[in-house]
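Beneath this line is the structure, given in C-alpha cells, with notes to follow.
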Protein chains: 2
Amino acid sequence: MGPSRHDRLTIGELSARSGLATSALRYYEELGLIHSERTAGGQRRFARQALRRVAFVRAAQRVGLSLDEAGAALAGLPVDRSPTATEWSRVARTWQSRIDEQIEDLRRLRDHLTGCIGCGCLSLGTCALYNPHDVQGADGPGARKLLPSR
Amino acid sequence: MGPSRHDRLTIGELSARSGLATSALRYYEELGLIHSERTAGGQRRFARQALRRVAFVRAAQRVGLSLDEAGAALAGLPVDRSPTATEWSRVARTWQSRIDEQIEDLRRLRDHLTGCIGCGCLSLGTCALYNPHDVQGADGPGARKLLPSR
DNA sequence: CTGCAACTTCAAGCCGACTTGAAGTCAAGC
DNA sequence: GCTTGACTTCAAGTCGGCTTGAAGTTGCAG
C-alpha cells in the first residue's frame with residue numbers, strides 16, 4: 001500500500017537482473033521498448049514492469065523479430081501498469097503463432113535434408129524446397145535481414 | 001566425356017538459379033564459401049557444385065549460423081568435386097542436430113509462454129526460463145550476435 | 001560533508017552481411 | 001568487327017544492434 005518503495009530499479013539493477021548491458025537498456029529505451037521515470041537528479045528509475053518487457057524483447061529476438069517488430073508487439077501493452085491477463089495473452093498469442101511457423105519451417109528443412117541424404121539424390125542445390133523464396137536477387141539497398149525469408 | 005561443356009555457370013546464371021545477388025556471390029567467394037575458375041578474360045565460371053554450396057549456406061543461415069560457421073561446416077567438403085554421400089551426410093548430420101536443438105528451444109519458449117498465460121502468473125520477467133543465459137552484461141566489444149544465446 | 005561508484009549524455013566506432021557506384025573489360029550475336 | 005550487356009575490381013556506404021570513451025553529475029555510505 002502507499003507509494004511503492006522497492007520496485008523502482010536503477011539501470012544497473014535492471015542490467016543485473018536482465019543480463020543486458022546498461023548501454024543496451026538505454027538503447028532499448030531510446031527505441032521506446034522500455035520506459036523510465038527520472039529522479040530529481042536525472043537518473044533513470046525503471047518499474048519492475050520493464051523486466052518483463054526486456055524479457056519479451058529478448059525472446060522475440062530469439063524467434064527472429066527485429067527490435068522494431070518487438071516494439072510493435074509491445075505497443076499493445078500499457079507502459080506503466082502490469083498488463084492484464086487479457087492484454088498479455090493477446091500479445092502473446094500473435095507471436096506464439098510466429099513460433100509455430102518457425103518450428104514448422106525448421107522441421108521442413110530438417111526433414112528435407114534427411115530425405116536428400118536418405119535417397120542419395122544429393123540434389124540440395126537444385127531442390128526447390130531449399131530455395132523456397134526464389135528470386136530475391138534484385139531487392140533493395142541496405143542491409144538484408146539475416147533471413148529475408150518468411 | 002572430355003572437358004565438360006555446360007556445367008560452368010557464369011555468376012549471372014548462378015545468381016539467377018540461387019536467387020542471390022551477384023554481389024553476394026562475389027562476397028561469398030571472397031569468404032571462401034564458394035570457388036570459381038576464371039576464363040582467359042578473367043570472368044568467373046562456377047561449377048554446378050557451387051549451387052549446392054550456396055544452398056547449404058542459405059540453409060545454414062536460416063538455422064542461425066554465421067557465414068564463417070557455414071564455411072567451417074563446408075570445409076569438410078571437396079571444393080571441386082561433388083561430395084560423396086558419406087561426406088555429405090557427415091556434414092549434414094552435424095547441423096541437423098543444430099536444427100533439432102533449435103526446434104527444442106523454440107518449443108520450450110512456446111510452451112513456457114503458454115504456461116505463463118494459462119496460470120496467470122505473468123511472471124515472464126522474472127522467470128528463469130526466459131533468461132536462460134543469465135548474466136551477459138559484461139561481454140566484449142564489437143557486434144553481438146543477434147542471438148548471443150545458445 | 002566527503003568520497004566514490006554508479007549514473008548521465010553524446011559522438012563515434014564496430015561487426016556482419018551485403019549493396020551501390022564508378023570506371024573499365026569481356027564475350028558473343030549480328 | 002562492332003556493339004551491347006554481362007562481366008571485372010575497388011572503395012565506400014548502409015543497416016541493425018549494440019559498445020566504447022570522454023567528460024561530467026548524482027546519490028548514498030561513512
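In what follows, chains carry the letters A, B, and so on, assigned in the order in which the sequence lines appear, proteins first and then strands, with residues in each chain numbered from 1.
For the pair B/D68 CG and C/dC18 P, the interatomic distance rounds to 12 Å; values are reported in whole Å. Across the protein-nucleic acid pair, A/I11 atom CD1 and D/dT25 atom C1' stand 15 Å apart, rounded to whole Å. Nucleotide D/dG16 holds its P atom 15 Å from the CG atom of A/L65, rounded to whole Å. At whole-Å resolution of the value, CD in A/E30 and P in D/dT19 are 13 Å apart. We find that CZ of A/F46 is positioned 10 Å from P of C/dC7, with the value rounded to whole Å. The separation between A/R38 atom CZ and D/dT26 atom P is 12 Å, rounded to whole Å. In this structure, B/E37 atom CD and D/dC7 atom C1' are separated by 17 Å, rounded to whole Å. One atom, OH of A/Y27, and another, C1' of C/dC15, lie 14 Å apart when rounded to the nearest Å.
Checking the phosphate oxygens (OP1, OP2) of C/dA17, no side-chain nitrogen or oxygen of B/Y28 falls inside 4.0 Å. Residue B/T10 places no side-chain N or O under 4.0 Å from the OP1 or OP2 atom of D/dA6. For A/S23, no side-chain nitrogen or oxygen approaches OP1 or OP2 of D/dT20 to under 4.0 Å.
The backbone N or O of A/L20 lies less than 3.5 Å from a partner atom in the side chain of A/S15, making a donor-acceptor pair. A side-chain donor-acceptor contact under 3.5 Å links B/R53 to the backbone of B/L33.
Contact record, B/Q61 with B/Y28: OE1-OH, 3.6 Å, taken as the closest heavy-atom pair. Closest heavy-atom contact between B/R8 and B/A47: NH2-CB, 4.0 Å.
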* Asked: Just by protein heavy atoms under 4.0 Å, how would nucleotides 24-30 of chain C read 5' to 3' in B, S and -?
  -> --SS---
* Report the C-alpha distance between A/L106 and B/L106 in whole Å, list the side-chain angles of each, state the deciding distance to 0.1 Å, and finish with yes or no for side-chain contact (heavy atoms from CB on, under 4.5 Å). => CA-CA 10 Å; A/L106 286 175; B/L106 286 175; 3.9 Å; yes
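Between A/R107 and A/E104 a salt bridge is recorded (basic side-chain N to carboxylate O distance below 4.0 Å).
Looking at heavy-atom distances under 4.0 Å, B/L31 makes no contact with the nucleic acid at all. Nucleic acid contact for B/R26: base, since at least one base atom lies under 4.0 Å from a heavy atom of the residue.
The only option from A/I11, A/L14, A/T10, A/L9 that meets the side-chain contact (heavy atoms from CB on, under 4.5 Å) definition with A/R45 turns out to be A/T10.
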